[in-house]
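Everything numeric in this text was worked out from a predicted model, so none of it was measured. Only heavy atoms go into these numbers, but all of them, side chains included; no hydrogens, no water, no symmetry mates.
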Amino acid sequence: MTKIIGFVRSLLNIRALLHSLRIVHFYNYAHVQQIRKAAVGKGVRLAPNVSIRNGERVEIKNFAHIGERASLWAGDRSGRIEIGEHSLIGPGTFMTAANYETLPDIVIDSQPKREADIIVGKDVWIGANSVVLPGVTIGDSTIVGAGSVVTKSLPPGMLAAGVPAKVIGRRGESAQGGAGRGGAGQSEGSAEHGTPRSAGQP
């Protein structure tokens with residue numbers, strides 16, 4: 001009974017209702033509308049809380065998986081994000097195709113932005129909570145360890161990890177710390193809880 005009374009009070013709390021409307025509006029802006037703008041291939045799985053900006057410059061190719069709380073932020077003007085076929089993007093991964101400059105005597109929020117495309121090849125695995133910065137290309141079949149910050153492009157078929165991310169081996173080889181044996185983070189299992197989207201679907 002106490003729980004029911006608490007629930008009813010919450011429903012009658014105008015601040016709670018207004019806040020819930022703000023959450024719905026944000027979800028519509030950051031996910032639903034942006035997915036409609038993006039080029040999404042067949043068999044793609046997106047977690048329901050993936051955040052996308054400037055979806056018209058985002059392309060997710062066939063059978064890619066995007067995990068919970070991942071962010072794909074294309075640039076406001078030109079910076080694109082492309083995710084290759086059968087690639088896995090781990091939960092909490094943040095990709096941005098735009099970054100602030102660091103000019104002296106200009107406050108950060110007034111700095112000009114530098115935009116450059118992010119290209120993720122096919123069969124790539126980016127581990128949970130990684131960051132990928134503008135201008136990075138990740139070659140086909142490369143694995144990026146969880147928590148890495150990718151500031152420079154990575155060649156195909158490699159294992160990479162660290163801050164900043166560096167090549168630590170080749171895919172299929174045993175790497176120190178187990179990066180080649182599940183160390184990238186559980187991206188596929190998380191993305192499985194997303195909703196399949198096909199090109200043209202809302």
Side-chain angles (χ1 to χ4, degrees), residues 19-75 79-99 118-134 136 138 141-151 154 159-163 165 177-199 201-202:
H19 187 66
S20 65
L21 290 175
R22 290 180 63 189
I23 292 173
V24 170
H25 173 71
F26 177 80
Y27 178 78
N28 181 57
Y29 163 77
H31 184 89
V32 177
Q33 290 184 6
Q34 301 300 325
I35 290 297
R36 290 175 177 171
K37 297 177 183 178
V40 181
K42 66 180 181 181
V44 168
R45 291 185 181 273
L46 294 167
N49 54 0
V50 170
S51 175
I52 296 177
R53 295 290 187 277
N54 301 308
E56 64 274 16
R57 284 182 284 282
V58 174
E59 181 178 5
I60 306 172
K61 295 187 176 180
N62 298 344
F63 306 108
H65 293 192
I66 315 295
E68 288 99 330
R69 304 179 311 281
S71 297
L72 308 179
W73 288 14
R80 298 171 51 254
I81 296 178
E82 178 183 310
I83 309 297
E85 294 182 357
H86 296 281
S87 287
L88 308 179
I89 309 302
T93 293
F94 183 78
M95 297 185 180
T96 177
N99 210 354
I118 293 174
I119 307 297
V120 176
K122 63 182 180 181
D123 186 34
V124 169
W125 183 9
I126 299 178
N129 299 313
S130 294
V131 176
V132 182
L133 296 182
V136 164
I138 300 177
S141 302
T142 284
I143 296 174
V144 177
S148 297
V149 178
V150 187
T151 61
L154 299 170
L159 299 175
V163 182
R181 289 178 286 179
Q186 297 178 352
S187 58
E188 182 176 3
S190 298
E192 287 288 345
H193 297 291
T195 302
R197 299 280 184 179
S198 299
Q201 284 187 326

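Residues Ile52 and Val50 have side chains in contact (heavy-atom distance under 4.5 Å, counting atoms from C-beta outward). The closest side-chain heavy-atom distance from Ile143 to Val124 is not below 4.5 Å. With a 4.5 Å cut-off on side-chain heavy atoms, Val150 and Val131 do not count as touching. A 4.5 Å side-chain heavy-atom check between His65 and Val44 finds every atom pair outside the cut-off. Looking only at side-chain heavy atoms (C-beta outward), Val120 and Met95 come within less than 4.5 Å of each other.
For the pairing with Ile35, the side-chain contact (heavy atoms from CB on, under 4.5 Å) check across His31, Lys37, Gln33 returns one residue only, His31.
A donor-acceptor contact shorter than 3.5 Å links the side chain of Arg57 to the backbone of Gly75. Of the possible donor and acceptor atoms, one in the side chain of Ser87 sits under 3.5 Å from a partner among the backbone N and O of Gly121. In this structure, Asn129 contributes its side chain and Thr93 its backbone to no donor-acceptor pair below 3.5 Å.
When all heavy atoms of Gly145 and Ser130 are compared, the pair lying nearest together is O-OG, 3.2 Å. The two residues Gly90 and Ala70 make their nearest non-hydrogen contact at O-CB, 4.1 Å. The two residues Ala97 and Pro134 have their closest heavy-atom pair at C-CG, 3.7 Å.
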**Prompt:** side-chain contact (heavy atoms from CB on, under 4.5 Å) between Ile126 and Val132: does it pass, once the steps are laid out?
**Reply:** CA-CA 9 Å; Ile126 299 178; Val132 182; 4.3 Å; yes
**Message:** Test side-chain hydrogen bond (donor to acceptor under 3.5 Å, both in side chains) on Ser71 and Arg69; report intermediate values, then the result.
**Reply:** CA-CA 6 Å; Ser71 297; Arg69 304 179 311 281; over 6 Å; no
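Distance check, rounded to the nearest 0.5 Å: CG of Asp123 to CZ of Phe63 gives 13.5 Å. Interatomic distance, Ile118 CD1 to Thr96 OG1, rounded to the nearest 0.5 Å: 6.5 Å. Summarising the geometry, atom CG belonging to Leu154 is positioned 9.0 Å from atom OG belonging to Ser148; distances are rounded to the nearest 0.5 Å. Within the model, atoms CD1 of Ile60 and CG of Leu46 stand 5.0 Å from one another, a figure rounded to the nearest 0.5 Å. Rounded to the nearest 0.5 Å, atoms CG (Leu72) and CZ (Arg53) are 10.5 Å apart. The CH2 atom of Trp73 sits 10.5 Å away from the CG atom of Asn54 when rounded to the nearest 0.5 Å.
Residues meeting the side chain to side chain contact (heavy atoms under 4.5 Å, CB included) test with Asn62, sequence neighbours left out: Lys42, Glu85. Under the salt bridge (Lys or Arg N to Asp or Glu O under 4.0 Å) criterion, Lys61 pairs with Glu82, sequence neighbours left out.
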